[in-house]
Amino acid sequence: MSTSQSAPLNTPRPSVIQLAIKEKAALYAAYIPMFADGGIFIPSAREHRLGDDVYVLITLPDDPQRYPVAGKVAWITPARASGNRTQGVGVRFPNDEKSAQLKVKIEQILGASLGSDRATQTI
């Protein structure tokens, strides 16, 4: 006789993180242009797994609006990572219209610095 286990009905709710980026240099260090739909690095000591849903409210430099993003954890920088990298997660933006507009806005703010070889919190 075999027993099958069904998935729990109470799936964990996504983490909600507010991320206020106050200056262009911080946005440059956090933005992840290599993700097709864009993404952002979020410093966090909270335990996350790849694929976790994360709801982020992003505030950009010189912009009072908060941009909601329902993304997924696409990579994790663990505590005590090499090169003094900040612990946190890379969140991939979803493939939707709001995220596409946010990606364009971030890339407009960053402008020419996107091509820079300065170190970032990302890859």
Side-chain angles (χ1 to χ4, degrees):
M1 187 159 116
S2 67
T3 58
S4 63
Q5 298 220 344
S6 59
L9 295 174
N10 58 345
T11 55
R13 289 182 30 209
S15 299
V16 177
I17 301 171
Q18 294 195 41
L19 181 65
I21 301 175
K22 302 205 183 316
E23 52 199 45
K24 187 174 166 179
L27 180 61
Y28 172 82
Y31 180 59
I32 309 168
M34 73 186 63
F35 292 155
D37 299 306
I40 200 86
F41 177 80
I42 301 169
S44 174
R46 183 187 261 171
E47 198 62 34
H48 289 281
R49 290 195 176 109
L50 290 176
D52 280 357
D53 290 322
V54 180
Y55 190 77
V56 188
L57 292 168
I58 301 174
T59 307
L60 299 174
D62 303 319
D63 185 346
Q65 184 174 342
R66 292 193 314 182
Y67 298 89
V69 175
K72 289 203 177 287
V73 173
W75 100 68
I76 298 169
T77 303
R80 296 174 301 285
S82 64
N84 275 340
R85 296 172 80 78
T86 302
Q87 179 180 1
V89 293
V91 175
R92 187 182 67 229
F93 294 168
N95 182 357
D96 64 23
E97 188 58 34
K98 281 185 179 176
S99 295
Q101 291 170 356
L102 178 59
K103 179 181 182 196
V104 167
K105 183 151 190 69
I106 289 171
E107 291 181 355
Q108 285 174 338
I109 292 169
L110 294 177
S113 65
L114 269 178
S116 170
D117 57 4
R118 281 184 304 170
T120 69
Q121 295 294 343
T122 66
I123 296 172

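Given the structure is predicted, the values throughout are model-derived calculations rather than measurements.
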Rounded distance [0.5 Å steps], [atom1] in [X] versus [atom2] in [Y]:
{"X": "Leu19", "Y": "Phe41", "atom1": "CG", "atom2": "CZ", "result": "10.0 Å"}
{"X": "Ile109", "Y": "Tyr31", "atom1": "CD1", "atom2": "OH", "result": "11.0 Å"}
{"X": "Ile76", "Y": "Leu50", "atom1": "CD1", "atom2": "CG", "result": "4.5 Å"}

Salt-bridge test for Asp53 and Lys72: reply yes if a basic N is under 4.0 Å from a carboxylate O, no otherwise.
-> yes

Please report the closest heavy-atom contact between [X] and [Y], naming both atoms and the distance.
{"X": "Gln87", "Y": "Ala79", "answer": "OE1-CB, 3.4 Å"}
{"X": "Val69", "Y": "Phe93", "answer": "CG1-CD2, 3.6 Å"}
{"X": "Lys103", "Y": "Gly38", "answer": "CD-N, 3.9 Å"}
{"X": "Pro94", "Y": "Gly71", "answer": "CD-CA, 4.2 Å"}

Are any of the side-chain heavy atoms of [X] and [Y] separated by less than 4.5 Å?
{"X": "Gln101", "Y": "Lys105", "answer": "no"}
{"X": "Ile40", "Y": "Leu27", "answer": "yes"}
{"X": "Ile32", "Y": "Trp75", "answer": "yes"}
{"X": "Thr77", "Y": "Thr86", "answer": "no"}

Under the side-chain hydrogen bond (donor to acceptor under 3.5 Å, both in side chains) rule, what pairs show up with a residue in residues 59-70, not counting sequence neighbours?
-> Gln18-Arg66, Asp63-Tyr67

Would Val104 end up clustered with Val91 when hydrophobic side chains under 4.5 Å apart are linked, directly or stepwise?
-> no

